[in-house]
Structure formats: structure tokens, C-alpha cells
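Keep in mind the model is a prediction, meaning the values are calculated, not measured.
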Number of protein chains: 2
Amino acid sequence: MPIQKTTKKEIIATSYQVFRRQGYHRTTLEQLAKATGLTKGVFYHHFKNKEAIMQEVLRTSHSYFSTKVFSIAYQDELPARERMQQMIEASNRILTKDCYGCIFANTALEINHIEKELAQFTRDFFEAWEKAFTHILESEYQPNKARLLAQQIIADIEGSLILVQVHQDKEIIMRAYERTMKHLE
Amino acid sequence: MPIQKTTKKEIIATSYQVFRRQGYHRTTLEQLAKATGLTKGVFYHHFKNKEAIMQEVLRTSHSYFSTKVFSIAYQDELPARERMQQMIEASNRILTKDCYGCIFANTALEINHIEKELAQFTRDFFEAWEKAFTHILESEYQPNKARLLAQQIIADIEGSLILVQVHQDKEIIMRAYERTMKHLE
DNA sequence: GTCTATACACAGATAGAC
DNA sequence: GTCTATCTGTGTATAGAC
């Protein structure tokens with residue numbers, strides 16, 4: 001196995017940051033190249049086209065959420081409230097890293113109605129997130145009520161993330177987390 | 001005043017639909033031209049550039065919301081609950097016309113961090129919306145509590161609109177409206 | 001695996017005729 | 001006010017050398 005200066009993994013990680021900040025259509029391969037310190041040509045060695053890069057980014061990000069965030073929900077030995085708290089903190093670290101925003105929500109709004117392929121990735125992510133919240137809430141609520149509450153929580157968080165960006169006020173998302181915790185009191 | 005086949009107003013109205021559905025960066029002048037039945041050249045007779053079109057679209061849309069939605073909040077002769085109900089119905093008509101989505105939320109996520117000019121339009125819109133909700137809620141809550149509740153309601157609605165698009169399930173936004181009405185019971 | 005060079009398409013924008 | 005034609009820049013993508 002010879003040396004490879006920049007791994008595919010690193011390209012994905014850097015591309016994730018650019019896509020999350022700028023969105024899909026606004027981001028050019030030139031920008032991705034500059035951000036990774038490579039040239040455009042390299043990207044076509046690793047990926048078929050621009051959309052394939054985005055797909056890998058979303059797949060990797062979803063996987064990261066699964067490991068670092070969603071998994072917390074299923075540690076049934078911990079009390080529900082504790083899991084909720086930890087899961088919120090874990091997701092918050094990701095959603096507020098460098099800037100405030102969720103690449104899946106951004107992508108959903110930017111490409112829905114249009115690119116069916118990418119839409120599936122956002123759908124998968126939100127379903128997994130909803131399942132995680134639902135699992136925690138089922139310790140106190142009936143399954144269907146728990147599912148609706150999970151959706152409400154996600155809507156609250158994502159909506160608040162929009163408002164954080166609009167008003168440049170981080171407190172908005174903190175209050176959303178407080179409301180979320182109130183569901184387990 | 002000679003005949004003008006297509007008024008600026010009509011161009012804005014059609015452009016609004018395309019921008020709302022496709023987003024800013026994905027929409028091309030060619031598409032706007034086709035949608036209005038005109039050619040690209042015509043747009044540069046009316047507007048300085050693409051961003052100027054978007055600015056006019058947002059300005060006009062904000063103005064439309066002010067007249068059709070926000071104004072309801074200030075009809076103090078009506079009971080608060082009645083105003084809330086009517087305002088939700090009015091905004092829902094706009095946000096679910098043709099497709100589900102809010103052009104201001106879409107634009108905020110797509111262009112924030114970047115275009116400062118357009119960001120101001122989204123900020124103005126959300127402030128006006130918040131003020132309207134706050135005014136209604138102040139009939140039952142302390143001013144600061146009313147403002148926080150107004151923000152929560154907007155976050156809930158916008159977050160739910162994302163989830164409607166992701167899951168293709170209209171019921172999600174209807175439940176957000178029910179939660180909103182619960183604040184005045 | 002990375003680079004340079006380049007092809008190709010198309011977007012935004014302008015000029016000028018009608 | 002609308003059109004056609006065109007310029008210019010830039011974005012995606014490919015080819016081929018190192």
C-alpha cells in the first residue's frame with residue numbers, strides 16, 4: 001500500500017464543512033479543491049461527479065451522527081432524562097461547530113422538489129433521528145405520542161437553528177433544548 | 001402610458017414561484033425567462049442583476065405577508081384566539097400554495113454566512129412575523145414571555161415545514177398549528 | 001495520487017435592432 | 001418593452017503527463 005497524501009476521508013471531511021456552510025449549488029469544485037489544498041482533477045479521481053461527493057458527505061455525516069448521537073438513545077441502562085440530555089449535547093456540538101446549521105436541513109430545503117437521490121439521504125437522517133428521540137420518550141409516553149413528540153422536538157430544533165442564523169442569537173437554540181428537556185419532567 | 005405586455009409586478013410574481021421552489025442559486029435567468037414567457041434580456045431592462053430580482057421578490061413577498069397575515073394580529077377588536085386562528089390560516093395558505101415551503105427560510109439557509117444584502121430581508125421578515133405573534137400573545141402573557149413564545153411558534157412552524165418536505169406528510173404542519181393554538185387556551 | 005491543460009456547456013450580463 | 005446576438009466568466013468534467 002503506497003503513501004497517499006490526502007485520503008478520501010479527509011476530502012470528505014473538508015467538503016462537509018464547505019457544503020454545510022455554503023450549500024450545495026453555491027459550492028464549486030474549485031472551492032472544494034482550494035479547501036483541501038488539492039486541484040479539481042483529484043476529485044474526479046475519487047468521485048464520479050459533484051453529486052457523488054455530496055452523497056458521500058451526507059452518508060459520512062449520517063454515520064457520524066449514528067455513532068456519536070443516536071447511539072446514546074439506546075443505552076437503556078441510563079435513565080431517559082440522562083440520555084436525552086447527553087444526546088442533545090452531542091448533537092449540539094455538531095450543529096454548532098464552526099457555524100450554526102444542519103447540513104441535512106439545508107440540503108433538504110435546497111434540493112427537495114428536485115434531486116430525488118439526495119433527498120433520500122435527508123429522509124434517512126431525519127428518520128433515524130426521530131427513532132432515537134422516540135425510543136427515549138417511550139419510557140414515559142405511549143409509542144404514538146412519543147413519535148409525535150420526537151417530530152415536534154426535531155421541528156423545534158431545526159426551526160430554531162434557522163432563527164439563530166437569521167437573528168445571530170445563539171440563545172434561541174439553547175431555549176429549544178430547554179423545551180425539549182421539559183418533555184421529560 | 002403605452003401598453004406594456006408584461007408588468008414588472010407579473011415578473012416578480014412568477015419569479016417568486018420559481019425561487020421559492022428551486023432556491024436562489026439553482027434558479028437561472030433562463031428559467032425565470034421561460035416561466036414568464038419572456039427572454040433573459042427583458043430582465044436586465046427591469047433589474048440591475050439577478051440579486052436585484054431576488055430582492056424585489058422578497059420585498060414584495062414581505063409586503064404581501066404584512067397585508068394578508070401580520071395585519072390580522074393588530075385587529076384588537078377581535079379576541080386573541082380568533083386572531084391567532086385567522087393568522088395561522090392566512091399564513092398557511094401562502095406557505096402551502098403549490099408546494100410546501102417558506103421562501104424566507106429557504107433563502108436564510110441558502111445565503112446566510114454569505115450575501116449580507118439578502119440576509120437583511122429575511123431578518124426583517126422574521127422580525128415582523130415575531131412582532132405579530134407577540135402582539136397577540138401579550139393579551140395573555142407578559143411581554144417578554146410573549147416574545148419568547150412567538151419565537152417558539154415560528155421555529156415550530158418553520159421546522160415543521162422542513163419535515164413536511166422531507167417526509168412528504170402534510171399532517172406534520174397541521175399538528176404544529178394545533179400546538180400553536182394551545183398557547184391560547 | 002496529483003498535477004496541468006483543456007474541452008464543453010451554460011450562466012450572468014451587455015449591445016443594439018425593432 | 002421585447003427581441004436576438006453576443007461577450008465573458010466560470011462551472012463541471014475529461015485527458016494525459018508525472
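Across residues 19-39 of chain A, A:Thr27, A:Thr28, A:Leu29 each have a non-hydrogen atom less than 4.0 Å from an atom of DNA chain D (numbered order).
Distance B:Asn49 CG to D:dG9 P: 17 Å, rounded to the nearest Å. We find that CZ of A:Phe43 is positioned 10 Å from P of C:dC3, with the value rounded to whole Å. The separation between A:Phe47 atom CZ and D:dA13 atom P is 13 Å, rounded to whole Å. At whole-Å resolution of the value, NZ in B:Lys50 and P in C:dT14 are 15 Å apart. When rounded to the nearest whole Å, the span between NE2 of A:His46 and C1' of C:dC3 equals 13 Å. If you measure from atom NZ of A:Lys9 to atom C1' of C:dG1, you get 19 Å, rounded to the nearest angstrom.
The residue among B:Val42 and A:Lys40 whose nearest nucleotide of DNA chain D lies closer to the 5′ end is B:Val42.
B:Tyr16 places no side-chain N or O within 3.5 Å of a backbone atom of B:Met54 that could act as its donor or acceptor partner. A donor-acceptor distance shorter than 3.5 angstrom exists from the side chain of A:Ser15 to the backbone of A:Ile11, with no hydrogens or angles considered.
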For residues 32-44 of chain A, run the donor-acceptor check on the side chains, cut-off 3.5 Å, and write out each pair with its distance to 0.1 Å, sequence neighbours left out.
from, atom 1, to, atom 2, distance (Å)
A:Thr36, OG1, A:Leu32, O, 2.9
A:Thr36, OG1, A:Ala33, O, 3.0

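Sequence neighbours left out, the pairs with a member in residues 127-142 of chain B that pass salt bridge (Lys or Arg N to Asp or Glu O under 4.0 Å) are B:Glu130-B:Arg147.
Centroid-to-centroid, the aromatic rings of A:His135 and A:Tyr74 come within less than 6.0 Å.
Using cut-offs of 30° and 60° on the angle between ring planes, the pair A:Phe70 and A:Phe125 is tilted.
Checking the phosphate oxygens (OP1, OP2) of D:dT14, no side-chain nitrogen or oxygen of A:Tyr44 falls inside 4.0 Å. Within the 4.0 Å cut-off from OP1 or OP2 of C:dT14, not a single side-chain nitrogen or oxygen of B:His45 is found.
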